[in-house]
J.: 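Let me give you the structure first, and then I'll get to my questions.
Worth saying up front: this structure is predicted, and the values here are computed from it rather than measured.
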Amino acid sequence: MKILYFAWLREKLGLAEEEITPPEGVVTVRDLIAHMAARSPAHAEAFAAGKGVRCAVNLDFATPDDPVKPGDEVAFFPPVTGG
């Protein structure tokens with residue numbers, strides 16, 4: 001699974017993307033966020049509750065209940081504001 005990070009997430013983690021193989025129990029975006037938060041202290045801080053991290057799976061916006069599977073491209077990014 002390819003994970004992409006944008007904006008302050010990329011800066012906080014010090015990487016723009018990474019390839020991971022999540023454990024079998026990771027089947028939703030919510031599961032994936034919990035798994036990612038456990039990868040390192042920087043990941044834990046980036047995915048802490050209340051950070052408002054948004055997600056897209058294979059270029060479509062995703063909710064916490066949306067499924068993820070091996071081979072997906074998952075992007076995490078902060079909320080976007082416009083003016």
J.: Looking just at side-chain N and O atoms, do Tyr5 and Glu11 make a donor-acceptor pair shorter than 3.5 Å?
T.: no

J.: Testing the basics here: between Met1 and Pro22, what is the closest heavy-atom pair and its distance to 0.1 Å?
T.: CE-CG, 3.8 Å

J.: Measure the spacing between CD of Glu19 and CD of Glu73 and express it to the nearest 0.5 Å.
T.: 9.0 Å

J.: To the nearest 0.5 Å, how far apart are OG1 in Thr63 and CZ in Arg30?
T.: 8.0 Å

J.: Side chains of Val68 and Asp31: does their closest heavy-atom pair fall under 4.5 Å?
T.: no

J.: Which label fits Phe77 and Phe6: parallel for a plane angle under 30°, tilted from 30 to 60°, or perpendicular past 60°?
T.: perpendicular

J.: Any chance you could lay out the side chain to side chain contact (heavy atoms under 4.5 Å, CB included) test for Glu17 and Ile3, step after step, and finish with the verdict?
T.: CA-CA 5 Å; Glu17 64 182 67; Ile3 307 294; over 6 Å; no

J.: Would you indicate whether the side-chain heavy atoms of His43 and His35 approach each other to under 4.5 Å?
T.: no

J.: Could you check if a side-chain atom of Arg39 sits within less than 4.5 angstrom of a side-chain atom of Glu18, using non-hydrogen atoms only?
T.: yes

J.: Looking at Leu4, Ile33, Ile20, Leu32, which hits side-chain contact (heavy atoms from CB on, under 4.5 Å) with Val74?
T.: Leu32

J.: Tell me the closest heavy-atom pair linking Ala62 and Val57, and the distance in Å.
T.: CB-CG2, 3.7 Å

J.: A side-chain contact here means heavy atoms from C-beta on lying under 4.5 Å apart; do Val29 and Cys55 qualify?
T.: yes

J.: Which heavy atom in Val53 sits nearest to a heavy atom in Trp8, and how many Å separate them?
T.: CG2-CH2, 4.2 Å

J.: Which distance, rounded to the nearest 0.5 Å, do you find between the OG1 of Thr28 and the NZ of Lys69?
T.: 13.5 Å

J.: Please find the pair of heavy atoms, one from Ala46 and one from Leu9, that lie closest to each other, and give the distance.
T.: CB-CD2, 3.6 Å

J.: Below 4.5 Å, heavy atoms only, C-beta onward: do Leu13 and Phe76 meet side chain to side chain?
T.: no

